[in-house]
Visitor: 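Got a structure here, written out as structure tokens. Questions coming.
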Amino acid sequence: LDTHLVLAGDFDFAAPHANGVLVGAGNITKTLLGSETQGNQVTGLDGPVLKAVVIGKETTLLLTAGGLYAIKGTKADLSPIDTAIEKTIIDIVDATVDDDMAAWLATQDEIYLWRDGKLTNVEIAGVTLADPLLAYGAYFQGKPALWLVSNGQLVALQANGAAIDAWVVV
């Protein structure tokens, strides 16, 4: 096995990005495309990257303490989703199915579904949210679901046309 140094550094994250990869350490985020070995610094981010997610294989979003940013080339712009949600986003997962781009987002006490360019605040009867943790993709009743854990409860959510179905798992 031959090992080749591509980019030196102590990295906090790596994520797919438009024909390459994003890598980061602290407040520095760089793009690597193809066989580049230096990378180009991404500008416009506020703070270190907490989470990186690719929505629908084409849109790279970076969550920082300063907000949710969309990456275009080497420029980071505050996402319109961040502007629409008045609270701090603490988690995001890709929920794209086929060509229908979608994402689930969480604040400290709210859940949102973004799809078809619309953002929906999802209220779950009987569930009080506190720093929910999100995971997407495991099937429930034959379809992928958002799974969230909060206050010792496990909840499955599925978009069903215009409706959103919720199950509290006991």
Visitor: Picking from L62, L68, L63, I89, what satisfies side-chain contact (heavy atoms from CB on, under 4.5 Å) with S79?
Guide: L68
Visitor: Cluster question for you: counting only ILVMFWY and a side-chain heavy-atom cut-off of under 4.5 Å, with indirect links fine, are V97 and L157 together?
Guide: yes
Visitor: Check whether T43 reaches the backbone of K75 with its side chain - one donor and one acceptor, N or O, closer than 3.5 Å.
Guide: no
Visitor: If you define the side chain from C-beta out and look only at heavy atoms, does anything of K87 sit under 4.5 Å from D109?
Guide: yes
Visitor: Please report the closest heavy-atom contact between A166 and I124, naming both atoms and the distance.
Guide: CB-CG2, 4.0 Å
Visitor: By the definition side-chain contact (heavy atoms from CB on, under 4.5 Å), identify the one residue from I92, D94, L113 that meets it with W104.
Guide: L113
Visitor: Any non-hydrogen side-chain atom of D91 less than 4.5 Å from a side-chain atom of L148?
Guide: no
Visitor: From D82 CG over to T88 OG1, what is the distance, rounded to the nearest 0.5 angstrom?
Guide: 8.0 Å
Visitor: According to a 4.5 Å side-chain heavy-atom criterion applied to Ile, Leu, Val, Met, Phe, Trp and Tyr, with indirect links allowed, do L78 and I81 form part of one hydrophobic cluster?
Guide: no
Visitor: Would a 4.5 Å heavy-atom cut-off, applied to side chains only, mark L22 and V49 as touching?
Guide: no
Visitor: Check A65 against L50 and note the closest heavy-atom contact, atom names and distance.
Guide: N-CD1, 3.6 Å
Visitor: Over all heavy atoms of both residues, which pair between Y136 and A145 is shortest? Give the atoms and the distance, please.
Guide: CD1-O, 3.3 Å
Visitor: Do L146 and L134 come close enough that some side-chain heavy atom pair is under 4.5 Å?
Guide: yes
Visitor: Any chance CD of Q141 has more than 12 other-residue heavy atoms, nucleotides or ligands included, within less than 6.0 Å?
Guide: yes
Visitor: Could you tell me which non-hydrogen atom of W167 sits nearest to which non-hydrogen atom of F140, and how far apart they are?
Guide: CD2-CE2, 3.2 Å
Visitor: Are T96 and I55 side-chain neighbours, meaning at least one heavy-atom pair lies under 4.5 Å?
Guide: yes
Visitor: If you look at every heavy atom in W147 and A156, which pair is closest and at what distance?
Guide: CZ3-CB, 3.7 Å
Visitor: According to a 4.5 Å side-chain heavy-atom criterion applied to Ile, Leu, Val, Met, Phe, Trp and Tyr, with indirect links allowed, do I164 and V155 form part of one hydrophobic cluster?
Guide: yes
Visitor: With a 4.5 Å cut-off on side-chain heavy atoms, are L105 and L119 touching?
Guide: yes
Visitor: Going hydrophobic residue to hydrophobic residue with side-chain gaps under 4.5 angstrom, can you get from V21 over to V54?
Guide: no
Visitor: Nearest 0.5 Å, what's the OG1-CG distance between T29 and L45?
Guide: 5.0 Å
Visitor: Locate the shortest heavy-atom distance separating I111 from P132; write the atom from each residue and the value.
Guide: CD1-CG, 3.9 Å
Visitor: Counting only heavy atoms not in K143 (residues, nucleotides, ligands), do more than 12 fall under 6.0 Å from its NZ?
Guide: yes
Visitor: Please tell me if the side chains of V93 and K51 come closer than 4.5 Å, counting only heavy atoms from C-beta onward.
Guide: yes
Visitor: For Q108, I'd like to know if atom CD has over 12 heavy atoms of other residues, nucleotides or ligands within 6.0 Å.
Guide: no
Visitor: Kindly work out whether a path of hydrophobic side-chain contacts (I/L/V/M/F/W/Y, heavy atoms less than 4.5 Å apart) joins I85 to L61.
Guide: yes
Visitor: Can you tell whether the side chains of D100 and R115 come within less than 4.0 Å, N to carboxylate O?
Guide: no
Visitor: Would you mind reporting whether Y69 and V42 have side-chain heavy atoms less than 4.5 Å apart?
Guide: no
